[in-house]
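Everything quoted here is computed from the prediction, not taken from an experiment. The first residue of the sequence shown is numbered 1, and numbering continues consecutively from there.
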Amino acid sequence: MTNRNKGILLLLASALGFSLMTAFVKLSGDVPTMQKTIFRNGVSMIIAFFFVIHFKERLFGKRENQRLLLLRSALGAIGIVLYFYAIDHLVLADADMLNKMSPFFTIVFAAIFLKEHVKPFQWYSILLAFLGTLFIIKPSFSLDVVPYAAGVLSAVFAGGAYTVLRALGSREQFYTVVFYFSTFTTVVLLPFVIITYQPMTLQQTVYLLAAGVFATVGQFGITLAYKYAPAKEISVFNYFTVVFSAILGFVLLGQIPDVYSFIGYFIIFGASFYMFLRNRGGEDVPAELARKKE
């Protein structure tokens with residue numbers, strides 16, 4: 001199996017995990033956003049901890065990778081808080097599609113900071129995808145636009161985090177990266193959660209624990225996927241999350257996105273699919289993996 005195909009399968013597994021996570025976060029109701037976030041990352045931290053111990057790896061990675069691990073964790077923490085805020089205030093599929101702008105931001109950041117070559121048609125696709133977000137956001141001069149802005153910003157920070165994952169490559173095991181990120185987020189948010197803690201029912205607790213489990217599946221999948229192939233080669237398959245989220249939103253919550261949102265989905269997915277078709281011609285594996293094979 002090629003590295004690209006491995007990346008695709010891992011992204012599909014990640015998409016299913018993240019869509020189930022968003023559904024359970026939404027079902028948990030009016031729990032404060034940061035409280036939901038710490039549940040999501042706390043569960044991931046515990047699961048990743050057992051992986052690290054089992055494989056006898058370092059809990060917090062190698063000394064030379066600390067700057068990248070810390071940067072990935074900080075960007076990811078901000079991104080997940082913004083994403084959960086968007087989930088709480090928007091139709092599930094809208095929040096998910098705005099967050100799925102992250103691959104486009106990953107391409108931009110990878111071009112700027114990692115010097116990865118971006119072809120003209122990729123820039124055109126990025127501009128087209130931004131046009132699609134306008135149909136979802138439906139800009140207006142009111143506070144109604146705030147959750148949509150949070151959704152877009154969650155994609156910006158997620159794109160930054162995934163760019164750092166590309167920079168890390170194979171220098172750290174995926175479960176070490178997940179443990180580091182989850183622990184960082186849990187420690188940083190804990191004081192805020194203690195101050196604003198809101199008692200939860202048993203059902204809400206179960207929903208948030210389930211969100212944490214499926215978030216871990218999604219996180220493991222995407223962390224591994226971007227080690228096997230560049231974002232520009234496989235990121236289109238991450239959009240299956242929106243399909244899963246739309247189905248779950250309808251079945252569990254009775255949510256149906258409006259016509260303008262569907263137009264936005266079509267434009268963003270179309271831009272990403274076009275980029276995928278143009279990029280599928282060659283096997284572009286990370287340099288670290290290529291050296292490992294030699």
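- Between the CG atom of L20 and the CG atom of L248 there is a distance of 5.5 Å, given to the nearest 0.5 Å.
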Verify ring-ring contact (aromatic ring centres under 6.0 Å, His included) between Y265 and F262, making sure each step is shown before the conclusion. CA-CA 5 Å; Y265 301 166; F262 275 115; 5.6 Å; yes
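- Residues F84 and I87 meet the side-chain proximity criterion, which asks for heavy atoms closer than 4.5 Å.
- Aromatic ring centroids of F105 and F130 lie under 6.0 Å apart.
- The CG atom of N41 sits 14.5 Å away from the NZ atom of K36 when rounded to the nearest 0.5 Å.
- With L90 as the fixed residue, the side chain to side chain contact (heavy atoms under 4.5 Å, CB included) test singles out one of P147, S261, P257: P147.
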Are E64 and R171 close enough, and set up right, to give a salt bridge (charged side-chain N to carboxylate O under 4.0 Å, His left out), and what steps lead you there? CA-CA 10 Å; E64 61 267 26; R171 286 183 278 172; over 6 Å; no
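- Between the side chain of Q66 and the backbone N or O of K62, at least one donor-acceptor pair lies under 3.5 Å.
- Applying side chain to side chain donor-acceptor pair (under 3.5 Å) to Y83 and the options N99, D96, T22 leaves one that passes, D96.
- Within 6.0 Å of the OH atom in Y124, the count of heavy atoms belonging to other residues, nucleotides or ligands does not exceed 12.
- Between Y148 and D94, some side-chain heavy-atom pair lies under the 4.5 Å cut-off.
- Relative orientation of the F220 and F174 rings is perpendicular, given thresholds of 30° and 60° on the angle between their planes.
- The NZ atom of K26 sits 5.0 Å away from atom CD of Q255, with the distance rounded to the nearest 0.5 Å.
- Paired with Y207 under the rule side chain to side chain contact (heavy atoms under 4.5 Å, CB included), one option of T201, V31, L27 passes, and it is L27.
- Distance check, rounded to the nearest 0.5 Å: OG1 of T183 to CG of L69 gives 11.5 Å.
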